[in-house]
Amino acid sequence: MSNSVLGVYPHGVSTASIDTRLAAGGRRRTTQRLVVAEALASAKRALSAQELYERIRETHPTIGRATVYRTLEQQVEDGMASRFERDGHVSAYIACDAEHHHHLVCTSCQRVDDVAEDVVAPMLAAVGRRHDFSVDHAALDFYGLCARCRSKRR
């Protein structure tokens, strides 16, 4: 199993939490699941299953494409990853903290940033009041261009 230099990946995912979260999801801790989880956690942007598969194959040439696809879907089910839709109905994935489900997704560079809960909370409260609805949880994704990609277009 490979580790990041500090043991912490982008979006606050740590190598220790990968092990814990795999177990919490009721999944067996296999080398393939760890490899996929760590590769996704170390990515600095959302990756398609194919992109992640190609990245993993560089160091783990025996891993199968179906294993990567299946493992990504399991991570989404277990709250270890989020799935985003790219143009052309292609899914892209990013590792995320189980407690956080609001993201800014750059449609150009595929960078994903978290939206702070204090930004979203007033909107959720307003939705509850207006629609007389008790929101248990929410997952919001905002698509657009990050500052760097906007400046490149000028």
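Along the sequence shown, residues are numbered consecutively beginning with 1.
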Check whether any side-chain N or O of T107 sits under 3.5 Å from a backbone N or O of G144 as a donor-acceptor pair, and report yes or no.
-> yes
Can you list the residues that meet the side-chain hydrogen bond (donor to acceptor under 3.5 Å, both in side chains) rule with [X], with sequence neighbours excluded?
{"X": "E85", "result": "H89"}
{"X": "R83", "result": "E73"}
{"X": "Q50", "result": "E54, R65"}

What closest approach, in Å, do [X] and [Y] show between heavy atoms, and which atom pair accounts for it?
{"X": "V76", "Y": "S82", "result": "CG2-C, 4.4 Å"}
{"X": "L40", "Y": "A81", "result": "CD2-CB, 3.8 Å"}
{"X": "R45", "Y": "C109", "result": "CD-O, 3.4 Å"}
{"X": "I63", "Y": "Y53", "result": "O-CE1, 3.6 Å"}
{"X": "L145", "Y": "C106", "result": "CA-SG, 3.9 Å"}
{"X": "A92", "Y": "Q110", "result": "CB-OE1, 4.5 Å"}

Flag side-chain contact, heavy atom, 4.5 Å: [X] against [Y]:
{"X": "V35", "Y": "T59", "answer": "no"}
{"X": "R55", "Y": "V68", "answer": "no"}
{"X": "L140", "Y": "M123", "answer": "yes"}
{"X": "R153", "Y": "S108", "answer": "yes"}

Considering residues, nucleotides and ligands other than R86, do more than 12 of their heavy atoms fall under 6.0 Å from its CZ?
-> yes
Non-neighbouring partners of R57 that pass salt bridge (charged side-chain N to carboxylate O under 4.0 Å, His left out), sequence neighbours left out = none
Interatomic spacing from [atom1] in [X] to [atom2] in [Y] - rounded to 0.5 Å:
{"X": "E38", "Y": "I56", "atom1": "CD", "atom2": "CD1", "result": "10.0 Å"}
{"X": "Q74", "Y": "R33", "atom1": "CD", "atom2": "CZ", "result": "4.5 Å"}
{"X": "M80", "Y": "L72", "atom1": "CE", "atom2": "CG", "result": "10.5 Å"}
{"X": "D141", "Y": "I94", "atom1": "CG", "atom2": "CD1", "result": "11.0 Å"}
{"X": "T31", "Y": "H60", "atom1": "OG1", "atom2": "NE2", "result": "8.0 Å"}

Please name all residues satisfying ring pair (Phe, Tyr, Trp, His ring centres under 6.0 Å) with F84, sequence neighbours left out, ordered by chain then number.
-> H103
Selection residues 127-136 - residue pairs positive for side chain to side chain donor-acceptor pair (under 3.5 Å), sequence neighbours left out = none
Are F142 and V135 in one and the same hydrophobic cluster, where Ile, Leu, Val, Met, Phe, Trp and Tyr link if side-chain heavy atoms are under 4.5 Å apart?
-> yes
